[in-house]
Undergrad: 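Once you've had a glance at the structure underneath, I'll fire off some questions.
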Amino acid sequence: MIKGKLDEIVSEVKEYAPNLNNRADFDVYKSTISGPKGKLTEIMKLMGSVPKEEKPEMGKAINLAKQSIQDTFSKVIKSIEENELLGQLGSSIDPTLPSPELEKGHLHPISQVRDTIVGLFSRIGFAVAEGTELETEYYCFDALNIPADHPARDMQDSYFMPKTSSVSNVAKKSDERYLLRTHTSSVQIRTLLEEKPPIRIVAPGRCFRRDTPDATHSANFHQIEGLYVDRKVTLTDLKATLDHFVREIFGVSAKTRLRPSFFPFTEPSFEMDFYSPDLGKLSNQWIEIMGCGMVDPKVFESVGLDSDIYSGFAFGIGIERIAMILQGVDDIRNYYQNDIRFLRQFPDSIA
Ligand code: DAH
């Protein structure tokens with residue numbers, strides 16, 4: 001008897017409740033079922049007179065019925081609430097309402113350092129030049145006086161394309177191979193072939209090498225190349241320009257030194273080291289910061305400039321290296337992992 005009644009109530013609720021379309025009606029109806037005098041409550045009161053052995057079964061039936069009724073009520077109230085919301089918003093979406101506040105992004109820490117360096121050089125008259133990431137051996141090596149047996153030309157050191165590949169917007173000089181550029185020095189040649197001195201450029205960009213990634217090596221990294229060619233450019237100009245750069249980046253008290261080195265495209269060639277008392281932990285050591293030198297006459301020859309008339313200096317800065325020093329990052333791989341928790345540590349003043 002009880003079970004039959006329960007079934008009746010359940011099916012009544014299922015049939016009737018979904019027709020309710022406002023909260024007041026819903027509340028009234030709900031109390032006729034589960035309120036103190038509701039139908040379900042009345043039935044539960046009958047439990048007291050159920051013989052002991054039937055109690056477990058009755059209890060179970062009542063619970064099932066309660067659950068089913070509860071489910072129906074939840075669905076109905078949800079739909080009533082949705083309707084209320086729509087009523088408040090009007091029948092269509094209003095596109096003139098202010099949008100939710102969007103989270104602002106910012107430049108990648110490497111881009112920030114790139115922009116700082118480029119900005120610094122542009123204030124002293126250097127224009128920005130661009131080359132291509134996919135290069136030919138000619139621009140990347142031959143024209144820079146890098147001989148055919150140089151290790152950089154080894155398949156193990158660079159990413160070469162198959163000889164048969166052709167790329168319509170990067171012209172080959174002859175039968176050489178394409179490769180992903182191993183340095184931005186190729187932009188020196190592209191610029192020297194296109195423009196007449198005086199030339200003052202910085203060329204920021206991505207480079208590639210077949211390095212096994214570790215804390216200080218990445219197969220993909222960034223450099224800024226610099227080139228200044230004119231009549232009577234001297235080593236003093238190189239030193240003064242790069243000193244200015246180092247002091248702007250690492251503080252006015254920074255000191256630099258040039259150590260003799262070798263690059264096929266500069267003669268003489270140097271590594272520039274700096275040291276800065278403003279660098280906390282790093283303040284008591286010389287830190288290698290870039291390669292540089294006076295443009296080799298062989299380079300002028302490859303681009304058809306007379307080295308008796310023109311001279312120049314060039315330099316190549318690794319952006320990650322500077323970024324790691326400035327930002328206190330001890331593993332280069334952090335820059336490429338796209339971990340938002342890392343990137344958010346370097347908010348950018350421009351964004
Ligand atoms: N291209 C060199 C490298 O990737 C860096 C470099 C050294 C660039 C000396 C220069 C330079 O312009 O003069 O290792």
Undergrad: Indicate if Val10 and Leu20 have the same hydrophobic cluster label, given that clusters are the connected sets of ILVMFWY residues with side-chain heavy-atom separations under 4.5 angstrom.
TA: yes
Undergrad: Do Tyr275 and Leu326 belong together in a cluster built from hydrophobic side chains that touch within less than 4.5 Å?
TA: no
Undergrad: Do Ile317 and Ile322 touch side chain to side chain, with heavy atoms closer than 4.5 Å?
TA: yes
Undergrad: Are the side chain of Thr182 and the backbone N or O of Ser158 linked by a donor-acceptor pair below 3.5 Å?
TA: no
Undergrad: Can you find a pair of side-chain heavy atoms, one from Asp278 and one from Ser253, that are under 4.5 Å apart?
TA: yes
Undergrad: If I compare all heavy atoms of Ser186 with all of Leu144, which pair ends up nearest, and what's the gap?
TA: N-CD1, 3.9 Å
Undergrad: Say whether Leu192 and Val187 are linked into one hydrophobic cluster, either directly or through other cluster members, by side-chain heavy-atom distances under 4.5 angstrom.
TA: no
Undergrad: Can you tell me if Ser276 uses its side chain to pair, donor with acceptor, with the backbone of Phe250 under 3.5 Å?
TA: yes
Undergrad: Between Leu238 and Met294, is any pair of side-chain heavy atoms under 4.5 Å apart?
TA: yes
Undergrad: Treating Glu225 as the side-chain partner and Gln188 as the backbone partner, does any N or O pair qualify as donor plus acceptor under 3.5 Å?
TA: no
Undergrad: Looking only at heavy atoms, which two atoms of Glu271 and Ser261 are closest? And how far apart?
TA: OE2-OG, 3.3 Å
Undergrad: Should the pair Tyr29 and Phe73 be assigned to parallel (<30°), tilted (30 to 60°) or perpendicular (>60°) ring geometry?
TA: perpendicular
Undergrad: Relative to each other, are the rings of Phe265 and His183 parallel, tilted or perpendicular (30° and 60° limits)?
TA: perpendicular
Undergrad: Are Ile62 and Met47 close enough that some pair of their side-chain heavy atoms sits under 4.5 Å apart?
TA: yes
Undergrad: Do the side-chain N and O atoms of Asp296 and Thr266 include a donor-acceptor pair separated by under 3.5 angstrom?
TA: no
Undergrad: So that I can tick it off, tell me whether Arg23 and Glu84 are bridged by a salt bridge, with the cut-off set at under 4.0 angstrom between side-chain N and carboxylate O.
TA: yes
Undergrad: Which atom pair, heavy atoms only, marks the closest approach of Ala17 to Thr72?
TA: CB-CG2, 4.2 Å
Undergrad: Quick one: does Ser302's side chain have a donor or acceptor within less than 3.5 Å of a partner on Lys298's backbone?
TA: yes
Undergrad: Short question: side chain of Ser34, backbone of Ser31 - any donor-acceptor pair under 3.5 Å?
TA: no
Undergrad: Do any N or O atoms from the side chain of Gln223 and from the backbone of Thr184 form a donor-acceptor pair under 3.5 angstrom?
TA: yes
Undergrad: State, with a plain yes or no, whether a side-chain heavy atom of Arg177 is found less than 4.5 Å away from one of Tyr138.
TA: no
Undergrad: Please tell me if the side chains of Val229 and Phe300 come closer than 4.5 Å, counting only heavy atoms from C-beta onward.
TA: yes
Undergrad: Please report the C-alpha distance between Lys172 and Tyr178 in whole Å, then the side-chain angles of each, then the deciding distance to 0.1 Å, and finally whether the side-chain contact (heavy atoms from CB on, under 4.5 Å) criterion is met.
TA: CA-CA 8 Å; Lys172 285 189 192 178; Tyr178 285 111; 3.2 Å; yes
Undergrad: How close do Tyr159 and Phe208 get, heavy atom to heavy atom, and via which atoms?
TA: CD1-CB, 3.9 Å
Undergrad: Looking at the rings of Phe121 and Phe315, which for Trp means the six-membered one, are their centres under 6.0 Å apart?
TA: yes
Undergrad: Would Glu42 and Lys37 count as a salt bridge (Lys or Arg N to Asp or Glu O under 4.0 Å) here? Give the steps.
TA: CA-CA 6 Å; Glu42 294 299 335; Lys37 294 217 166 95; over 6 Å; no
Undergrad: Is it true that Asp273 and Arg259 make a salt bridge, defined as a side-chain N closer than 4.0 Å to a carboxylate O?
TA: yes
Undergrad: Going through the checks in order, is the ring pair (Phe, Tyr, Trp, His ring centres under 6.0 Å) test met by Phe342 and Tyr335?
TA: CA-CA 8 Å; Phe342 171 77; Tyr335 289 118; 5.6 Å; yes
Undergrad: Name the residue from Leu242, Thr241, Leu235 that meets the side chain to side chain contact (heavy atoms under 4.5 Å, CB included) definition with Cys292.
TA: Leu242
Undergrad: Under a 3.5 Å threshold, yes or no: a donor from one side chain and an acceptor from the other, between Thr256 and Lys239?
TA: yes
Undergrad: Determine whether Lys39 and Glu12 satisfy the following criterion, salt bridge (Lys or Arg N to Asp or Glu O under 4.0 Å), listing intermediate values before the conclusion.
TA: CA-CA 11 Å; Lys39 293 180 186 169; Glu12 185 215 294; 2.6 Å; yes
Undergrad: If you group Ile, Leu, Val, Met, Phe, Trp and Tyr by side-chain heavy-atom gaps below 4.5 Å, do Ile189 and Leu134 land in one group?
TA: no
Undergrad: Please check: side-chain N/O of Arg321 versus main-chain N/O of Met290, any donor-acceptor pairing under 3.5 Å?
TA: no
Undergrad: Give a yes or no on whether a salt bridge exists between Glu54 and Lys3, defined as a side-chain N under 4.0 angstrom from a carboxylate O.
TA: no
Undergrad: Starting from the C-alpha separation in whole Å, work towards a yes-or-no answer on salt bridge (Lys or Arg N to Asp or Glu O under 4.0 Å) for Arg257 and Asp243.
TA: CA-CA 9 Å; Arg257 73 177 181 198; Asp243 276 0; over 6 Å; no
Undergrad: Give a yes or no on this: more than 12 heavy atoms of other residues, nucleotides or ligands lie within 6.0 Å of atom NZ of Lys55.
TA: yes
Undergrad: Report, as yes or no, whether the 6.0 Å neighbourhood of atom CD on Glu15 holds more than 12 heavy atoms from other residues, nucleotides or ligands.
TA: no
Undergrad: For Ile309, is there any backbone N or O sitting under 3.5 Å from a side-chain donor or acceptor partner on Arg231?
TA: no
Undergrad: Is there a side-chain contact between Arg209 and Phe221 (heavy atoms, below 4.5 Å)?
TA: yes
Undergrad: Give a yes-or-no answer on whether the side chains of Asn22 and Asp25 include a donor-acceptor pair shorter than 3.5 Å.
TA: yes
Undergrad: Under 4.0 Å between a Lys/Arg side-chain N and an Asp/Glu carboxylate O for Glu57 and Lys60?
TA: no
Undergrad: With the threshold set at 4.0 Å, does a side-chain nitrogen-carboxylate oxygen contact exist between Arg190 and Glu130?
TA: no
Undergrad: With no hydrogens and no angle check, do the side chains of Tyr139 and Glu176 hold a donor and an acceptor under 3.5 Å apart?
TA: no
Undergrad: Would the number of heavy atoms belonging to other residues, nucleotides or ligands and lying under 6.0 Å from NZ of Lys232 be above 12?
TA: no
Undergrad: Ignoring hydrogens and angles, tell me if any N or O in the side chain of Asp211 forms a donor-acceptor pair with the backbone of Pro213 under 3.5 Å.
TA: no
Undergrad: Starting from the C-alpha separation in whole Å, work towards a yes-or-no answer on side chain to side chain donor-acceptor pair (under 3.5 Å) for Thr234 and Asp237.
TA: CA-CA 5 Å; Thr234 66; Asp237 298 314; 3.3 Å; yes
Undergrad: Within the 3.5 Å criterion, strictly below it, is a donor on Asn63 or Gln67 matched to an acceptor on the partner's side chain?
TA: no
Undergrad: Taking atom CD as the centre, does Glu81 end up with more than 12 heavy-atom neighbours from other residues, nucleotides or ligands that are less than 6.0 angstrom away?
TA: yes
Undergrad: Within the distance-only criterion (no hydrogens, no angle test), does the side chain of Gln112 pair as donor or acceptor with the backbone N or O of Phe346 below 3.5 angstrom?
TA: yes
Undergrad: Do Leu64 and Ile33 sit in one hydrophobic cluster, given that two such residues count as connected whenever their side-chain heavy atoms are within less than 4.5 Å of each other, even indirectly?
TA: no
Undergrad: Test Lys66 against Met44 for side-chain contact (heavy atoms from CB on, under 4.5 Å), laying out the working first.
TA: CA-CA 10 Å; Lys66 266 165 73 179; Met44 280 160 71; 3.9 Å; yes
Undergrad: Grab the two heavy atoms, one from Ile110 and one from Ala323, that are nearest each other, plus how far apart they are.
TA: CD1-CB, 3.9 Å
Undergrad: Is any side-chain heavy atom of Tyr228 closer than 4.5 Å to a side-chain heavy atom of Val202?
TA: no
Undergrad: For Met324 versus Ile332, what's the shortest heavy-atom pair and its separation?
TA: CE-N, 3.5 Å
Undergrad: Could you walk me through whether Leu279 and Asn284 satisfy the side-chain contact (heavy atoms from CB on, under 4.5 Å) test, starting with their C-alpha distance in whole Å, then the side-chain angles of each, then the deciding distance to 0.1 Å, before giving a yes or no?
TA: CA-CA 8 Å; Leu279 275 185; Asn284 52 5; over 6 Å; no
Undergrad: For Phe126 and Phe313, take the angle between the two ring planes, folded into 0 to 90°, and tell me which bin it lands in: parallel under 30, tilted 30 to 60, perpendicular over 60.
TA: tilted
